[in-house]
Amino acid sequence: MPVSALFFACVAVWGTTWIAITFQIERTAPEVGVALRFTLAAAVVLAWCAIRRLPLRLPLREHLWLVLLGALGFCLSYLLIYHSQRFIVSGLVAVGYSAAPLVNMVLARVFFGTRMSARVAAGGLCGLAGIALIFQPEFARLAGGAPPALGALLTAAAVLASCLSNMVIASQQARGVRGWPPLGFAMSYGAAGSWLAVVLLGVPLEVNWSWSFAGALLYLALAGSVLAFGAYYALIGRIGAARAAYVGVMSTIVALLVSALFEGYDWRIATAAGIALAVTGNVLALSAAGPRRSTEPVRE
């Protein structure tokens with residue numbers, strides 16, 4: 001698939017998964033919801049690998065890296081996301097992910113020594129200002145005792161965990177570990193981590209089943225996990241982790257539109273200005289990074 005098709009698939013799907021998550025957390029605990037989602041997704045991916053007779057053998061060293069990837073990308077980050085949506089609307093959680101490209105650039109600097117220019121720093125400040133503008137009405141609710149700050153903190157932690165998982169992906173792809181089998185194993189390890197959280201935290205294994213819950217679960221597992229992550233990992237291999245994370249910026253706009261439609265999110269002038277600043281900041285930062293070959297993803 002061309003890069004544009006992969007990019008569009010991620011934006012279209014992930015821009016709408018945020019609202020689907022709300023249907024899950026209304027019916028079960030976040031830990032159970034995440035565990036069910038990635039158990040189903042992992043089963044589908046590994047079954048597809050078996051049908052296609054894709055090689056499932058990987059060195060133990062790579063499995064250890066996949067355990068880390070699953071723990072960060074398919075367990076911890078999603079547990080934090082699901083819990084954050086208990087305190088703030090789904091569109092605002094998506095806004096936090098618009099900072100992912102910039103976080104990826106900082107982490108690439110830390111782990112791979114990638115240089116950051118003044119333009120990247122300016123873009124980062126611009127993006128942070130935009131996010132602050134969008135969240136401003138939520139911060140104003142603090143005076144009333146509402147917990148939006150906790151939701152924002154959980155979102156920030158989720159973004160960090162997700163971006164750390166992107167560093168693992170980029171590193172593995174640089175070693176030639178890519179495709180459906182590693183994705184299936186990472187999702188399996190992430191699902192196992194979520195089930196472990198259910199047991200250790202004593203979370204009730206209860207699901208109030210409904211058609212909306214079942215539909216949301218299927219959509220999140222098949223479209224939001226199998227399809228979207230398959231496309232996203234392919235993007236990382238083609239254009240690098242930082243540029244691939246730009247999906248988070250564009251899907252934010254879709255998520256806010258969906259949130260306004262289903263959750264009554266109130267669009268204001270500050271919202272539009274904040275989105276403009278966030279997009280501008282990311283465009284500045286990403287254009288400053290310059291083109292890289294797909295064979296050097298860790299340098300993105």
Side-chain angles (χ1 to χ4, degrees), residues 14-15 17-19 21-22 25 30-31 33-34 68-111 116 120-142 145-169 190 193-194 197 232 241-242 244-256 259 263 265 270-271 274-275 277-282 285-286:
W14 277 337
T17 52
W18 305 101
I19 191 67
I21 290 173
T22 63
I25 60 178
E31 292 79 8
V34 174
L68 178 61
L69 173 57
L72 290 170
F74 299 118
C75 179
L76 179 60
S77 66
Y78 274 94
L79 291 177
L80 292 167
I81 287 171
Y82 276 48
H83 277 288
S84 68
Q85 289 192 206
R86 296 166 53 214
F87 305 108
I88 53 179
V89 297
S90 64
L92 289 177
V93 179
V95 167
Y97 268 79
S98 67
L102 303 173
V103 177
N104 275 338
M105 288 182 183
V106 172
L107 292 178
R109 173 64 175 171
V110 172
F111 291 107
M116 291 181 63
V120 170
L125 291 175
C126 195
L128 289 175
I131 293 170
L133 268 178
I134 296 170
F135 270 96
Q136 187 274 328
E138 295 296 304
F139 293 144
R141 291 170 49 202
L142 282 172
L150 178 56
L153 181 62
L154 290 171
T155 300
V159 171
L160 178 59
S162 178
C163 290
L164 284 169
S165 75
N166 286 341
M167 298 301 104
V168 178
I169 297 165
S194 296
Y232 185 63
Y246 191 68
V247 165
V249 180
M250 302 312 296
S251 62
T252 292
I253 300 174
V254 177
L256 285 174
S259 182
E263 298 176 301
Y265 177 72
T271 305
I275 288 175
L277 277 172
V279 172
T280 300
N282 279 277
L286 295 174

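- Distance CD1/Ile19 to CD/Gln85: 8.0 Å, rounded to 0.5 Å.
- Looking at Asn104 and Met167, their side chains come closer than 4.5 Å, going by heavy atoms from C-beta outward.
- The OG1 atom of Thr280 sits 11.5 Å away from the CD1 atom of Ile275 when rounded to the nearest 0.5 Å.
- Every residue two or more places apart in sequence or in another chain that forms a side chain to side chain contact (heavy atoms under 4.5 Å, CB included) with Leu150 is listed here: Phe87, Leu154.
- With sequence neighbours left out, Tyr82 forms a ring pair (Phe, Tyr, Trp, His ring centres under 6.0 Å) with no residue at all.
- The two atoms that bring Trp14 and Val247 nearest to each other are CE3-CG1, 3.8 Å, heavy atoms only.
- Of all non-hydrogen atoms in Leu107 and Leu164, the two that sit nearest each other are CD1-N, 3.8 Å.
- Evaluation of the side chain to side chain contact (heavy atoms under 4.5 Å, CB included) rule for Cys75 yields Leu79, Ser194 as partners, not counting sequence neighbours.
- A donor-acceptor pair under 3.5 Å links the side-chain atoms of Ser77 to the main chain of Leu72, judged by distance alone.
- Residues satisfying the side chain to side chain contact (heavy atoms under 4.5 Å, CB included) test with Ala158, not counting sequence neighbours, are Leu80, Ile81, Tyr97.
- The CZ atom of Phe74 lies 9.0 Å from the OG atom of Ser162; values are rounded to the nearest 0.5 Å.
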